[in-house]
Amino acid sequence: MVLAIDVGNTRIKAAVFEEDTLLEVFVFQPELLQKEIEKILKKNKNMAHLVVASVGKIDKKAFLEWENRLIVHFFSHQDVLPFQNLYATPTTLGVDRMVLAAGATLLYPKKNRLIIDAGTCVTYDFVDADDQYRGGAISPGLRLRYESLHNFTAKLPLLVVEKPSHFIGNSTHQSIHSGIVNGLVYEIAGFIDEYAQSFSNFIIILTGGDTDFLAKRLKNTIFANSNFLLESLNQLYLYKLNND
Ligand SMILES: Nc1ncnc2c1ncn2[C@@H]1O[C@H](COP(=O)(O)OP(=O)(O)O)[C@@H](O)[C@H]1O
Ligand SMILES: CC(C)(COP(=O)(O)O)[C@@H](O)C(=O)NCCC(=O)O
Ligand SMILES: [K+]
């Protein structure tokens with residue numbers, strides 16, 4: 001059994017895997033890390049491996065206390081990967097993006113793949129059919145957009161994400177919802193269109209905390225899977241065990 005942990009900039013996501021099968025997902029705040037892992041281990045006595053991809057602030061040391069019970073692995077740029085990394089600065093590529101690119105390469109062989117992760121930030125990653133990672137884009141995530149409008153202005157309130165009721169925002173609240181939600185949907189649709197001009201065929205995977213909210217607003221055919229990073233972590237770990 002493998003316990004896969006994704007430390008993002010907002011939340012920690014954890015999943016229990018038996019071979020290829022995802023058994024259970026846990027989502028929690030960084031402060032609860034110790035308690036949550038203990039709970040998961042208590043429930044799953046056959047856990048043998050703990051694998052981590054972190055772009056968050058959590059210290060590696062937080063995981064070391066389990067080293068006497070589990071094989072602990074932190075993914076990094078030193079790991080063997082199923083794709084060739086063409087990023088000009090490969091060591092600054094987010095480990096989460098690296099793992100997503102690996103998961104897409106392994107789970108969707110011989111295809112052009114665009115992975116969109118709508119988390120704290122929205123990241124776009126492209127791996128072509130020859131398994132070359134080309135890079136992508138980084139933009140502010142949905143909640144970050146709401147917080148930025150509030151934090152960097154005097155008059156704008158902090159709102160929670162909501163479906164805009166008016167495309168032509170008829171109040172401050174509706175103008176913000178329309179600007180942020182429609183703006184992000186147009187951004188994603190625009191990126192997809194631009195990729196479509198260079199690549200006649202590619203699959204699109206949408207993941208991250210805003211997957212469901214965004215998937216129903218996008219017209220393109222996409223694989224919407226909020227657990228794709230966790231599944232990619234497990235896939236890359238199985239790949240590592242077979243290739244080390
Ligand atoms: N309970 C929640 N707490 C925080 N963000 C949430 C929650 N539920 C959904 N979200 C959405 O998830 C996004 C963050 O996604 P997440 O995958 O948790 O980020 P990260 O991987 O960067 O930690 C936010 O933009 C927010 O709109
Ligand atoms: C872009 C990110 C902040 C996204 O983080 P997330 O939204 O998943 O919390 C992370 O992938 C990161 O720190 N990247 C480093 C820069 C790069 O990927 O080029
Ligand atoms: K992201």
Side-chain angles (χ1 to χ4, degrees), residues 4-15 25-33 36 51-60 62 74-77 79 81 83 85-104 113-127 133-151 158-164 176-177 179-185 187-188 191 204-218 222 224-233 236:
I5 300 191
D6 154 28
V7 182
N9 284 287
T10 301
R11 300 180 294 175
I12 299 183
K13 277 75 65 185
V25 175
F26 304 81
V27 184
F28 48 90
Q29 297 302 320
E31 307 80 70
L32 295 175
L33 179 75
E36 289 288 324
V51 298
V52 186
S54 173
V55 292
K57 287 204 187 94
I58 262 187
D59 199 330
K60 242 185 175 182
F74 296 90
F75 278 104
S76 76
H77 308 100
D79 281 294
L81 295 171
F83 58 84
N85 193 344
L86 301 186
Y87 215 45
T89 58
T91 57
T92 73
L93 177 65
V95 175
D96 55 345
R97 301 177 66 193
M98 185 190 93
V99 171
L100 289 169
R113 314 104 170 153
L114 173 64
I115 311 107
I116 305 171
D117 182 343
T120 310
C121 300
V122 180
T123 51
Y124 300 82
D125 292 293
F126 196 80
V127 191
Y133 174 75
R134 308 277 194 104
I138 301 170
S139 79
L142 198 55
R143 200 168 67 120
L144 188 53
R145 292 177 197 222
Y146 279 95
E147 294 198 350
S148 305
L149 285 190
H150 174 63
N151 289 340
L158 178 61
L159 304 181
V160 291
V161 181
E162 191 184 299
K163 172 178 150 225
I176 292 174
H177 292 310
I180 293 180
V181 175
N182 293 322
L184 180 53
V185 171
E187 174 189 302
I188 295 173
F191 268 101
I204 305 160
I205 301 153
L206 177 66
T207 191
D210 293 308
T211 301
D212 297 340
F213 185 81
L214 292 169
K216 51 181 173 241
R217 300 186 160 75
L218 291 165
I222 55 171
N225 176 1
S226 55
N227 296 324
F228 191 72
L229 180 45
L230 291 165
E231 286 174 16
S232 297
L233 261 169
L236 181 57

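Worth knowing before you read on, the calculation uses all heavy atoms, side chains too, and leaves out hydrogens, waters and symmetry mates. Just so you know, ligand 1 is whichever comes first in the structure, and atom 1 is the first atom listed for that ligand.
In this structure the side chain of N151 never reaches within 4.5 angstrom of the side chain of L158, judged on heavy atoms. Between F213 and E162, every side-chain heavy-atom pair lies at or beyond the 4.5 Å cut-off.
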task = Could you walk me through whether I180 and L142 pass the side-chain contact (heavy atoms from CB on, under 4.5 Å) test, one step at a time?
result = CA-CA 7 Å; I180 293 180; L142 198 55; 3.7 Å; yes
query = Which is it for T120 and R11 under the side-chain hydrogen bond (donor to acceptor under 3.5 Å, both in side chains) test, yes or no, and what are the steps along the way?
reply = CA-CA 9 Å; T120 310; R11 300 180 294 175; over 6 Å; no
request  = Would you please test Y146 and H177 for side-chain hydrogen bond (donor to acceptor under 3.5 Å, both in side chains) and show each step?
outcome  = CA-CA 9 Å; Y146 279 95; H177 292 310; 2.7 Å; yes
message = side-chain contact (heavy atoms from CB on, under 4.5 Å) for V7 and F74? Distances and angles first, verdict last.
response = CA-CA 11 Å; V7 182; F74 296 90; over 6 Å; no
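Note: an N/O pair closer than 3.5 Å links R11 and ligand 1 by distance alone. Any N or O atom pair closer than 3.5 Å counts here, and T10 shares at least one such pair with ligand 1. Between V161 and ligand 1, no pair of N/O atoms sits closer than 3.5 Å.
Annotation: salt bridge (Lys or Arg N to Asp or Glu O under 4.0 Å) contacts of R217 (sequence neighbours excluded): none. For F75, the ring-ring contact (aromatic ring centres under 6.0 Å, His included) partners are H73, not counting sequence neighbours.
Atom 14 (C) of ligand 1 has its closest protein heavy atom at G119 C, 3.6 Å. At the top of the distance list for atom 24 (C) of ligand 1, counting protein heavy atoms only, stands D210 OD2, 3.3 Å. At the shortest separation from atom 17 (O) of ligand 1 among protein heavy atoms lies G209 N, 2.9 Å. Protein heavy atom nearest atom 19 (O) of ligand 1, with residue, atom name and distance: T120 N, 3.3 Å.
Aromatic ring orientation, Y124 versus F191: parallel (interplanar angle below 30°, classes split at 30° and 60°).
For ligand 2, the 4.0 Å heavy-atom shell takes in G8, N9, V55, Y87, T92, L93, G94, D96, R97, T120, C121, T123, I138, ordered by chain and residue number.
Legend: salt bridge (Lys or Arg N to Asp or Glu O under 4.0 Å) pairs involving residues 115-125, not counting sequence neighbours, sorted by first then second residue: R97-D125.
For atom 20 (P) of ligand 1, the nearest non-hydrogen atom from the set Q29, K13, R143, E147 belongs to K13.
With ligand atoms numbered from 1 in the order given, ligand 1 contributes 20 (P), 22 (O), 23 (O) to contacts under 4.0 Å with heavy atoms of N9.
Under 3.4 Å from the K ion (ligand 3) lies an N/O/S atom of D117, whether from backbone or side chain.
Seen from the ring of F26, K13 does not count as a face-on cation partner, given the 6.0 Å and 45° thresholds.
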